[in-house]
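Side-chain atoms are counted along with the backbone in the values below, which use heavy atoms only and exclude waters and symmetry mates.
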Amino acid sequence: MSYLTREQLEQLGLKEVGANVKISAKASLYNCGRISIGSNVRIDDFCVLSAGEGGIDIGSYVHVAVNCLLVGAAKVTLGDFSGISSRVAIYSSSDDYSGNSLTNPTVPDEYTDRSHGDVTLGRHAIVGAGSVILPGVSIGDGAAVGALSLVTKNCEEFYIYAGNPAKKLKRRATKLLQLEHQFLNASN
């Protein structure tokens, strides 16, 4: 995988970019002035990050796997140590599918009915491959979403969710908090 150099990252005009950031040369970033990226972040091939008015904030030690999509007018936040697996789509905006309005971005706003809502993945939240996160959803710290899930409602901290729509399955272990502490202390 070919990553952008530090100079290329700075030329993107990102709002903020930390140290040791690896963004694939095959990723697409739009409205970069609204995208903040912490340190030790990796964004893989064919990802699309399209920041709307709310922007996209990516914490530190975050991985965005191949073919992921982060898009919408409202804010998208990926907390420290969070990760999204391949083909995850995160939407902070959605068209009205009822048939009472027109849809898609080529139509003037007065003929559409879009809804917007911030999407947040907390610290240590993970989302499995092929999952879809809809506008207004908050995935709590340490929550895990299984592959191919449709997340339409908030997910509580340190629980595992899966399905279409995603349902709470069981508690998730919290040992990762001790490991984070050890890791960060060893890094200093």
Side-chain angles (χ1 to χ4, degrees), residues 1-94 105 114 116-145 147 151 176-177 179-188:
M1 192 174 316
S2 173
Y3 296 109
L4 299 175
T5 65
R6 184 67 192 191
E7 182 181 334
Q8 289 170 319
L9 286 174
E10 290 172 3
Q11 289 173 355
L12 290 175
L14 295 162
K15 183 176 179 182
E16 293 178 32
V17 61
N20 193 31
V21 171
K22 295 179 179 179
I23 298 178
S24 168
K26 295 177 183 174
S28 298
L29 282 69
Y30 300 96
N31 299 319
C32 291
R34 295 180 177 156
I35 299 175
S36 297
I37 300 175
S39 295
N40 304 299
V41 171
R42 189 176 106 191
I43 299 173
D44 292 344
D45 290 348
F46 312 115
C47 291
V48 176
L49 281 68
S50 182
E53 291 178 23
I56 296 173
D57 286 344
I58 298 174
S60 294
Y61 296 101
V62 174
H63 179 226
V64 179
V66 65
N67 282 317
C68 286
L69 172 69
L70 285 71
V71 65
K75 186 174 186 174
V76 174
T77 303
L78 305 181
D80 294 346
F81 294 97
S82 65
I84 57 177
S85 298
S86 59
R87 297 181 341 272
V88 166
I90 298 176
Y91 297 97
S92 66
S93 295
S94 181
R114 292 186 189 99
H116 312 284
D118 293 349
V119 175
T120 302
L121 271 65
R123 294 173 59 83
H124 298 287
I126 59 172
V127 180
S131 293
V132 176
I133 313 298
L134 294 183
V137 168
S138 178
I139 297 176
D141 290 352
V145 175
V151 185
L176 57 87
L177 296 174
L179 294 171
E180 174 194 358
H181 183 72
Q182 290 172 359
F183 169 68
L184 291 176
N185 284 338
S187 299
N188 293 333

| Reported CG-to-NE2 distance for the pair Leu179 and His181, which is rounded to 0.5 angstrom | 11.0 Å

| Which residue pairs pass the salt bridge (Lys or Arg N to Asp or Glu O under 4.0 Å) test with at least one member in residues 10-28, sequence neighbours excluded? | Arg6-Glu10

| How long is the gap from CG on Leu4 to CG on Leu29, to the nearest 0.5 Å? | 8.0 Å

| request: Give the ring-plane orientation class for Tyr61 versus Phe183, where under 30° counts as parallel, over 60° as perpendicular and anything between as tilted. | output: perpendicular

| request: Indicate yes or no: at least one non-hydrogen side-chain atom of Val88 is less than 4.5 angstrom from one of Val145. | output: no

| Between CD of Glu53 and OG of Ser92, what distance do you get to the nearest 0.5 Å? | 10.5 Å

| query | How long is the span from the OG atom in Ser82 to the CD1 atom in Ile126, to the nearest 0.5 Å? | reply | 10.0 Å

| Whether over 12 other heavy atoms sit under 6.0 Å from Gln8 CD | yes

| message | What's the separation between atom CD1 in Ile133 and atom OG in Ser138, rounded to the nearest 0.5 Å? | response | 10.5 Å

| said: Do Leu70 and Ile84 have side chains that approach each other closer than 4.5 Å (heavy atoms only, starting at C-beta)? | reply: yes

| Is the backbone of Ala19 close enough, under 3.5 Å, to the side chain of Ser39 for a donor and an acceptor to pair up by distance? | yes

| request: Go through the structure and list residues passing side chain to side chain contact (heavy atoms under 4.5 Å, CB included) with Leu177, not counting sequence neighbours. | output: His124, Phe158, Thr174, Glu180

| request: Measure the shortest side-chain to side-chain distance between Thr77 and Asp118 over non-hydrogen atoms and say whether it is less than 4.5 angstrom. | output: no

| task | Would you name the heavy atoms of Ala27 and Asp44 that are closest together and state the gap between them? | result | CB-O, 3.9 Å

| said: Could you report the tightest heavy-atom contact between Gly140 and Ala125, atom names first, then the distance? | reply: O-CB, 3.8 Å

| query | Is the backbone N or O of Asp80 less than 3.5 Å from a side-chain atom of Ser60, with the two atoms forming a donor-acceptor pair by type? | reply | no

| task | Would you sort out whether Ser24 and Asp45 count as a side-chain hydrogen bond (donor to acceptor under 3.5 Å, both in side chains), showing the intermediate values? | result | CA-CA 5 Å; Ser24 168; Asp45 290 348; 2.4 Å; yes

| task | Report yes if the side chains of Ile58 and Leu49 come closer than 4.5 Å at any heavy-atom pair, otherwise no. | result | yes

| Heavy atoms, side chains only, cut-off 4.5 Å: are Val119 and Tyr91 in contact? | no

| Which atom of Pro135 lies closest to which atom of His116, heavy atoms considered | CB-C, 4.5 Å

| Can you tell if the side chain of Tyr30 reaches within under 4.5 Å of the side chain of Val48, non-hydrogen atoms only? | yes

| message | So, taking the atom named CD1 in Ile37 and the one named SG in Cys32, what distance separates them when rounded to the nearest 0.5 Å? | response | 8.0 Å

| said: When you compare the side chain of Ile90 with that of Leu78, does any pair of heavy atoms fall below 4.5 Å? | reply: yes

| task | List for me each residue that meets salt bridge (charged side-chain N to carboxylate O under 4.0 Å, His left out) alongside Asp141, sequence neighbours excluded, and say none if there are none. | result | none

| message | I'd like to check Val62 versus Leu121 (side-chain heavy atoms, cut-off strictly below 4.5 Å). Are they in contact? | response | no

| query | Between Ser93 (side chain) and Gly72 (backbone), is there a donor-acceptor pair under 3.5 Å? | reply | no

